[in-house]
Structure formats: structure tokens, C-alpha cells
Amino acid sequence: MRKITFIVLSALVFLIGCGEIDWNNEDVKELLPDIVPSLPSPDNIKIEDGVLTWDSVEGATGYIVYYGDERKVLDASATSFTLPSLKGGGSMNVALKAIGNGKDLKDSSVSFYLTYSSDLPFIEESGNTEAPDPLLPIPTESQLKWQKLEQYAFIHFGPNTFRNAEWGEGKPTEGQAFQPTSDVETITTQWADELHARGMKALILTVKHHDGFCLWDTEATDYSVSKKGMYDGNITGSLAPKLQAHGMKLGLYLSPWDRNNWAYLHPEYVDIFTKQTEEITTLFGDIFEVWFDGANETQGWYGGGDYNSIKSQVQNNPYVWFQTLKNNNPTGMFTRTSGELTHGGPTVDRNTYLAEMKAAAIEIIRKNQPDAVVFGDNSGRGIRWVGNEQGWAGRTCWSMGFEEYGSEDGQTWFPAECDMKTRSGWFHSTNSNSTRPYKELVEFWYRSVGRNATLLLNFSPGRDGLIPDDSLEEARKMWKQITEDFKTDLLTKENVASVEASNIRGGQETFGPYNLIDDDFDTYWTVNNEVTSGSVTFTFKNPITFDRIVLQEYIALGQRVKSFTVETQDESGAWKSVELPNMPYTIHGDNSNPDETTTIGYKRILRTAETTAKAFRLTINESRKPVPFLISELGLYKSYEGSLDE
Ligand code: FUL
Ligand code: CA
């Protein structure tokens, strides 16, 4: 160090002493690089309409423009440069320097960089300019709103809670059916506050389960919170405003099967049931979903529970229908037990009876709550049961068709809801008194919300009317895990250096791939009509590490994608498919195999191996019909491994 300083100083003294400095002198060049003057960097740099401009720099022999990963050398007369088209998405950094003469003027330093983004109107238009046509069936506005709730709570509470029952077993004596030990305010406040804090966007309450007991003041039967010295508290009426205050929606479970009503399966019961429907759809403000349970049998308390006793009960009643004993008829035919029977009186099928009764009730719901969806209603305005009570939708899941997987050929929009419980029964029981660990709840969430379905997670208040602490604690951890998993989207404009798409509808920005990362469901990347497969590639400024991929399809115009591929590019430039590991464990009916890359629908989440990527590519391989696909959002996240403590 000392030696170099000494040589430089003596060289300076020598050179200055000689007057004129010989800049070409090799010794000078080597020894005094820092005192050779540099050109100033170009000033007044702008990008307008995809053209970079700057003020010319006196003495410059040329310019170098740096853009994305590329560079371009221009001669001294240049003061502008047309940047390449970004094909409808993303951004790149652009900078510039002036070139010196290689002798007594060094190159300028590189200017500050500008970000050149695709918001600029530089894209040539070609192909279709309008949005693609809808591909039927499509969801109604209410179905779409319902799907966006993603996760909501169920509460089973009623006489069953007080006798460790699930289906109204064991008829309680009058006045003994329902005895919560907390007052109604305490109960409904706890439900609304605690479920809201656990990310529940709505709550569906069993306002009448199969035992027929009504959790609201009803005129339709004597068996309710308001009658015969029962618990004094209109639970449903008290709950509705508390949910509303949290911005949560209210849903109602009204069981068509009524084991307490002598008229069940009798024409008069249709009147009672429709009256109940009328009440619940007018008394509590907006209802988002009505749940008509599918369970139904002939047994009622009045009849003791088996066919022969029902028969003896109804023998003298010409209006009561009952299931024929004949060969345990599986279609469940009901026949009038009156003189008419022997004269070939009318017969009615139990399912027909229930279907007609439900249709009458649905009409009432449509009139009073046009925005509500009805569970089990396959008319194109309802939603479907996912086909299991284990908290999973299929790895392929269409919003048409039935059960776990649905079908691409289904004629109506019939999206799936996964109902699942936090304890072993729907109702609280002092016999099997434990709650499911949060890891299972997280698993249900990923296998429902992550597979184009919703999660309806049941809570079982105990005899004090309160959701037990252990269930609340596990649900808190579950929600913390989920919210932390999706806290930071790594696929953002800030992290992306460039984006390329194989096709953009009409070459227009409005349909470009940048729409995939704008956090807006209503903007999407789509392609020209004749195109039914294609890919989009995001290149990152710096490699990112993720293990969650979130995809959303713009289902407002129909569900289309049948198959897709996700790939990453590593530091060496090699591309490979993202690795999908096995699910953590098997849930009854859903094994622990890896996920599939088939349907997308409203939301599809893949849990992948931890992957570090320089670039990410999504390819849509096949679209239903085939028609162009529309993808709303694409996100990459790294799951949370930290503490779940409060
Ligand atoms: C079933 C009912 O029978 C259960 O009791 C429970 O209400 C569940 C959600 O639906 O079909
Ligand atoms: Ca979007």
C-alpha cells in the first residue's frame, strides 16, 4: 500500500513538472486511472410510449442502453431508443451510459434506472377485442358471492346437546328438552365474537334439527324456545344482529325431517314446514344460505321409532302415509292407510313428497331472500353437498355435477360445500368429549377451499350454550396457520423482472398476464378464441422460494380448465415441473397421494415441495369444450413454520 502511494505521488510530481500530461502514456494509464475525467451520465432520461429519450452528452462517442437482461450500443447522434414490446405484461429496468473516447474521457457512470412497465400503450392489437363469451353453465351473482366466503361456521345446538344425542333419540319430557345454563346474550355474543376472530365469514345455525325443536319464536309449532316454559331466549333473533355487526352472514339449517311432528309425511306437515320457512326467511334480515338436510326417515317419537308401531299409530288416520313393508321397498313408497287403499287409493313416494315440499319452501326463499343459496338445490341457483362429511373435495373438482369430483358435463352450476366437524359428533356429547387438533382443521381447509369448494366447519356448544374452549383454541391455531401461510405473495410486480405470454387476447393489455398478479379477481389473462392452451412465464429479479401455489379461474364466465402444468427454472437455467409431495395423511376416503393439476375453478391451492426459482411458468394444457381459458390470479407463497401461540 505504502509503496503504491509513493509511486503514484512521484509520478504525479514528475508529470506535472513536465507541463503537458501524456494521457496515452501507458504508465500514466496504469498508475492514475482515477484522475482521468469521466463523461457526465446522460440527463433528462424519460420513457414515453415505449421510447427511451435523453439529452445528448457533449463529447460522447456513443451510448449503451441496458434493458432487462440485454444491452444495445448506439452511436453519438442517438438521443432515443425504442424499447421492445412487453407483450401485455410485466416490467423491466432500463438504464443508460455515455461512452467516452477511450483516451482522455472515460465512459460515464450508468444512469439511475427507470422501470419500464407494460402500462404503456405500445401493444399492437390483433385477434379478438371483446371478452370471451360465457361457457354455460355459469354461476349466479349469489353463487359467486357465496363461493367468495370460502370458510364459514356451522353450529349444531338443540335438545340433542342435553342428552348426548345426534338424531333426536329419546324423547324428552315436555319442558325438559332444552336447558342451556347461560343466558341468550352471553351465548350469541360468544358465538359471533369468537367465530369472527377465527376467520369465519358466516355462520349457519341449526334453527331446527331432526328433533323438530325450533331455536326461534315460532307460530308454526309448539316445540320451540318460546313455548311451554322452555328456555327463555330467542337464540336466532339474538344472534342475527351480532353477526351483522361483524360483517358476518347468517345461514339457517331447517330440517325437513321432523321427528316430533305427528304430521310428518302427511299433507298438513307441508303447511307447517312452509310456514317455518316463511318465518325464518323474514324475521332475521339477510340470509346467505338455507340448509335443507337430506336425512329423513319414517320414524317419529309419536310412533316409537319402528315401522310396526307407526303402522298401528296411523291405522285409523286416513291422511297419514307410511312406508310399505313389502320387501323393505327401497324406493320408500308411501301408501294411504285408509279404506281408499284397498280401492287402489293414491300412493306417494317419500322422495317425491319431500321434493315437492322442498320445492314449495324454495319458492318462499326465492321470494323473501333472492340472494340466498339453497343447499341441495340443483336448479342452477343452489349449492351441492360434496358427498362426504370428512372435509375434502376431489383433487379434480368441477362446479357442475355431483359429490366430490363433479362433472364437466353437468348441466347446472352446482358448486361444492364441504361440511365437517370439530368434534366427533355434530352435537356436543359428554361421552366423546374431545376436539380435533388444528392440524386436521388445516388439512380440511386445504382440501376444501384449496380445491374449488367451501368449508363449513361445525362447532358444538355444550350444555352452557358456549363453544368449548378446546375447540376455540384449535380453530384459533388453524386460522393463524392459514393466515400466516398466505401473508406474503411473492409473485408481485415488484419481484418480477419480466413476463411473457404465449398469447394475449387481441394483444391487449386488458387481457394480459399482468392481470394475474394484480390481486383483482375480476381481471384476467385470456387468449384469442381459437387458442385453448398456452403458457405464461414470470422471471424474477431475484430467485424466490415458495411451497404454495394459488390459482384462480375467472369462473364468472364458466369453469374451463381441465389440465395445467406448473414449472420453475433454477439458477442453472433448467426447467422442471414443480414437485408435489404426498398429503400429510389419509382422511377417510381421500388418500395421502400428491395433489393433481387438473381443474382450477374459483380457487386451487397446491402444496408443493419447497422450491427456489429464477422463473415460474404456468401452462394451461386443456380447456373444456375447447374454448379459451380465463385465469384471474396466480400467487406464490412460503408456508409459515413459526409459533402459533397468541
Ligand atoms: C346430516 C344430519 O343428519 C346430521 O345430523 C347433521 O345435521 C349433518 C350436518 O347433516 O345429514
Ligand atoms: Ca386479476
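Atom set for the values below is all heavy atoms of this structure, side chains included, hydrogens, waters and symmetry mates excluded. Bear in mind the structure is a predicted one, so any value in this text is a computation, not a measurement. Counting convention: from 1, in listed order, for ligands and their atoms alike.
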TODO: Taking side chain to side chain donor-acceptor pair (under 3.5 Å) as the test, write out the residues that go with D518, two or more places apart.
DONE: T523

Task: Which residues share a side chain to side chain donor-acceptor pair (under 3.5 Å) with T430, sequence neighbours left out - done: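 With sequence neighbours excluded, T430 shows a side chain to side chain donor-acceptor pair (under 3.5 Å) to N164, given in chain and number order.
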
Task: N-O pairing of D211 and R163 below 4.0 Å - done: no

TODO: Show the protein residues that qualify under the rule heavy atom under 4.0 Å from an atom of ligand 1, listing them in chain and number order.
DONE: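 These residues qualify: F154, H156, W167, H209, H210, Y253, W291, D293, A295, E389, D419, W426.
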
TODO: Verify whether one side chain among R381 and S142 offers a donor that lies under 3.5 Å from an acceptor in the other.
DONE: no

Open item on the list: Side chains of Y602 and Q143: any donor to acceptor distance under 3.5 Å?
Closed with: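 Judged by distance alone, the side chains do not pair up.
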
TODO: Could you tell me if the ring centre of W525 sits under 6.0 Å from that of F629?
DONE: yes

- [ ] Only protein N/O/S atoms count here: give how many lie under 3.0 Å from the Ca ion (ligand 2).
- [x]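 Under the 3.0 Å cut-off, the count stands at 7.
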
Task: Which atom of V207 lies closest to which atom of L254, heavy atoms considered - done: CG2-CD1, 4.3 Å

- [ ] Give a yes or no on this: more than 12 heavy atoms of other residues, nucleotides or ligands lie within 6.0 Å of atom NZ of K487.
- [x]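 Check fails, neighbour count at 12 or below.
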
- [ ] On the 0 to 90° scale, with breaks at 30° and 60°, tag the W445-F486 ring pair as parallel, tilted or perpendicular.
- [x] tilted

